[in-house]
Amino acid sequence: MAIVDTRNDPAGASAGVGAAGARRPRRTGRAPSEPRPYVGWLFVAPNLLGVLAFTFIPLISVVLLSFTQWNLVSGFGGIEFVGLDNFLAVFRDPTFWRSLVITIVYAGVAVPLTLVVGLALALALNRDIPARGLLRAAFFVPYIVNIVAIGMTWQMLLDPEAGLVNQALGAFGAEDLPQWFASSNWALPALILVTIWSQAGYANLIYLSALQDAPTQLYEAARIDGAGRWASFRAITWPSLLPTTVFLLVTLFVGISQTFGMIALITNGGPGDSTTTLSFYMYQTSFQSYRFGYASAVGLVTFIGIFVIMLLMWRAQRGRALHD
């Protein structure tokens with residue numbers, strides 16, 4: 001058997017290698033175009049740092065401060081551990097309970113009415129009507145307008161003497177016109193009105209998105225069976241919107257119950273304490289009275305209460321949706 005010397009024959013070497021089987025390149029654990037793991041962490045690092053700095057650290061600080069008595073003027077050396085005294089003082093505080101009632105009334109009225117207005121707008125704007133896109137944008141604008149602009153606008157509209165609302169009511173022959181933000185009886189209803197106006201666009205947008213995914217085949221079957229609009233809404237539309245409604249109920253309740261900027265700008269918690277909600281009471285206790293430990297206890301109790309209400313809302317809708 002002849003032995004072929006391929007040391008000086010590239011063609012023979014290629015043939016020999018081909019006959020023996022081409023060597024495969026060594027595989028690495030990562031494709032050439034695959035980014036390294038730390039690249040992803042670099043992208044999310046700014047957001048993680050923001051959440052850490054503005055969410056987790058403040059939350060831990062509130063929990064720790066709730067067990068202390070601290071006046072900001074005294075500096076960090078003036079922090080004194082008091083155990084559960086702050087929480088006991090919260091439940092004995094009549095101002096806390098009054099603020100709690102105001103918060104429940106405020107959110108308990110504003111949230112359902114916002115859902116009703118948002119759903120009504122969504123049902124109307126989901127049809128083929130002229131300038132539908134323009135109307136959708138117009139109703140959403142109040143939700144993204146700056147809170148200062150909202151407050152100044154409604155202060156002018158609801159001015160007891162020169163406001164356009166009272167002028168319009170007077171033109172229709174109304175007497176004993178409301179004093180709105182200048183009256184302890186009307187300030188909270190006026191605040192609820194402004195809240196509904198500013199939040200209805202958000203509810204409208206979410207409901208519109210849910211209506212786009214409504215099961216059209218069920219509507220066709222209902223129409224064939226002779227069902228009217230109300231029957232179709234009750235049997236198809238509302239059950240399909242139930243998860244969306246619960247989502248809006250939770251998010252709106254959390255957001256509205258923690259409203260601060262609008263109250264501080266328009267009413268400053270007054271007249272008297274007629275619009276002093278828990279969030280504004282926490283501000284008064286901490287940044288006006290400098291009782292940061294007690295304010296932290298109020299905030300922690302409020303957080304636990306809202307969290308429990310959210311769980312109850314979420315569990316109440318389980319198994320009732322059309323898709324379940």
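Along the sequence shown, residues carry numbers from 1.
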Is any side-chain heavy atom of [X] closer than 4.5 Å to a side-chain heavy atom of [Y]?
{"X": "Thr285", "Y": "Val298", "result": "no"}
{"X": "Pro239", "Y": "Arg234", "result": "no"}
{"X": "Trp70", "Y": "Leu65", "result": "yes"}
{"X": "Val44", "Y": "Trp41", "result": "yes"}
{"X": "Ile129", "Y": "Leu135", "result": "yes"}

Between [atom1] on residue [X] and [atom2] on residue [Y], distance to nearest 0.5 Å:
{"X": "Gln258", "Y": "Met282", "atom1": "CD", "atom2": "CE", "answer": "7.0 Å"}
{"X": "Gln167", "Y": "Asp159", "atom1": "CD", "atom2": "CG", "answer": "9.0 Å"}
{"X": "Gln199", "Y": "Thr251", "atom1": "CD", "atom2": "OG1", "answer": "9.0 Å"}
{"X": "Met156", "Y": "Leu164", "atom1": "CE", "atom2": "CG", "answer": "9.0 Å"}
{"X": "Leu64", "Y": "Leu300", "atom1": "CG", "atom2": "CG", "answer": "10.5 Å"}
{"X": "Ile236", "Y": "Ser240", "atom1": "CD1", "atom2": "OG", "answer": "8.0 Å"}

Pairs flagged by side chain to side chain donor-acceptor pair (under 3.5 Å) wherever residues 105-125 is involved - sequence neighbours left out: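 Output for this query lists Tyr106-Thr195.
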
Residue pairs involving residues 129-153 (criterion side chain to side chain donor-acceptor pair (under 3.5 Å); sequence neighbours excluded):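 Not a single pair qualifies under side chain to side chain donor-acceptor pair (under 3.5 Å).
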
Please walk me through it: do Arg291 and Asn71 pass side chain to side chain contact (heavy atoms under 4.5 Å, CB included)? CA-CA 6 Å; Arg291 301 169 59 193; Asn71 188 324; over 6 Å; no

Same cluster (ILVMFWY, side-chain, under 4.5 Å), [X] and [Y]:
{"X": "Phe292", "Y": "Val62", "result": "no"}
{"X": "Val63", "Y": "Val51", "result": "no"}
{"X": "Val141", "Y": "Ile150", "result": "yes"}
{"X": "Leu49", "Y": "Phe54", "result": "no"}
{"X": "Leu193", "Y": "Val116", "result": "no"}

In residues 266-278, what donor-acceptor pairs under 3.5 Å come from side-chain atoms, sequence neighbours left out?
unit_1: Thr267; atom_1: OG1; unit_2: Ile263; atom_2: O; d: 3.2
unit_1: Thr267; atom_1: OG1; unit_2: Gly269; atom_2: N; d: 3.3
unit_1: Thr267; atom_1: OG1; unit_2: Thr275; atom_2: OG1; d: 2.8
unit_1: Asp273; atom_1: OD2; unit_2: Arg98; atom_2: NE; d: 2.6
unit_1: Asp273; atom_1: OD2; unit_2: Arg98; atom_2: NH2; d: 3.2
unit_1: Ser274; atom_1: OG; unit_2: Gly270; atom_2: O; d: 3.4
unit_1: Ser274; atom_1: OG; unit_2: Pro271; atom_2: O; d: 2.9
unit_1: Thr275; atom_1: OG1; unit_2: Gly269; atom_2: O; d: 3.3
unit_1: Thr275; atom_1: OG1; unit_2: Gly270; atom_2: N; d: 3.2
unit_1: Thr275; atom_1: OG1; unit_2: Gly270; atom_2: O; d: 2.8
unit_1: Thr276; atom_1: OG1; unit_2: Gly269; atom_2: O; d: 2.9
unit_1: Thr277; atom_1: OG1; unit_2: Ser279; atom_2: OG; d: 3.2

Distance-minimising heavy-atom pair for [X] and [Y]:
{"X": "Tyr283", "Y": "Gln288", "answer": "CE2-NE2, 3.4 Å"}
{"X": "Ala122", "Y": "Leu208", "answer": "O-CD2, 3.5 Å"}
{"X": "Ala107", "Y": "Pro112", "answer": "O-CD, 3.8 Å"}
{"X": "Leu265", "Y": "Gln155", "answer": "O-NE2, 3.8 Å"}

Validation row, ring centre Phe140 to ring centre Tyr202 under 6.0 Å: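 No - the distance between ring centres of Phe140 and Tyr202 does not fall below the 6.0 Å cut-off.
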
Do Phe96 and Tyr281 have ring centres separated by under 6.0 Å?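 No.
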
Is the backbone N or O of Leu52 less than 3.5 Å from a side-chain atom of Thr55, with the two atoms forming a donor-acceptor pair by type?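 It does not hold such a pair.
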
Between Ser289 (side chain) and Ser286 (backbone), is there a donor-acceptor pair under 3.5 Å?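 No.
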
Under the ring pair (Phe, Tyr, Trp, His ring centres under 6.0 Å) test, residues paired with [X] that sit two or more places apart:
{"X": "Phe253", "value": "none"}
{"X": "Phe307", "value": "none"}
{"X": "Tyr294", "value": "none"}
{"X": "Trp238", "value": "none"}

Scan the side chains in residues 243-250 for donor-acceptor partners under 3.5 Å anywhere in the protein, sequence neighbours excluded, and list what turns up.
unit_1: Thr245; atom_1: OG1; unit_2: Tyr207; atom_2: OH; d: 2.9
unit_1: Thr245; atom_1: OG1; unit_2: Leu241; atom_2: O; d: 2.8

May I ask you to check whether over 12 heavy atoms, not counting those of Phe287, lie within 6.0 Å of atom CZ?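 No - once you tally the heavy atoms of other residues, nucleotides and ligands closer than 6.0 Å, there are 12 at most.
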
Contacts table for residues 174-191: side-chain donor-acceptor under 3.5 angstrom, sequence neighbours left out:
unit_1: Gln179; atom_1: NE2; unit_2: Leu177; atom_2: O; d: 3.4
unit_1: Trp180; atom_1: NE1; unit_2: Asn166; atom_2: OD1; d: 2.8
unit_1: Ser183; atom_1: OG; unit_2: Asn185; atom_2: N; d: 3.2

Please list, chain by chain and in numerical order, all residues satisfying side-chain hydrogen bond (donor to acceptor under 3.5 Å, both in side chains) with Gln212, sequence neighbours excluded.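 Counting only residues at least two positions away or on another chain, Gln212 forms a side-chain hydrogen bond (donor to acceptor under 3.5 Å, both in side chains) with Asn126.
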
Name every donor-acceptor pair, under 3.5 Å, that has one atom in a side chain of residues 78-91 and the other anywhere in the protein, sequence neighbours excluded.
unit_1: Asn86; atom_1: ND2; unit_2: Ser66; atom_2: O; d: 3.0
unit_1: Asn86; atom_1: ND2; unit_2: Thr68; atom_2: O; d: 2.6

Residue pairs fulfilling ring-ring contact (aromatic ring centres under 6.0 Å, His included) with at least one residue in residues 149-179, sequence neighbours excluded: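 Sorted result for residues 149-179: Trp154-Trp197.
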
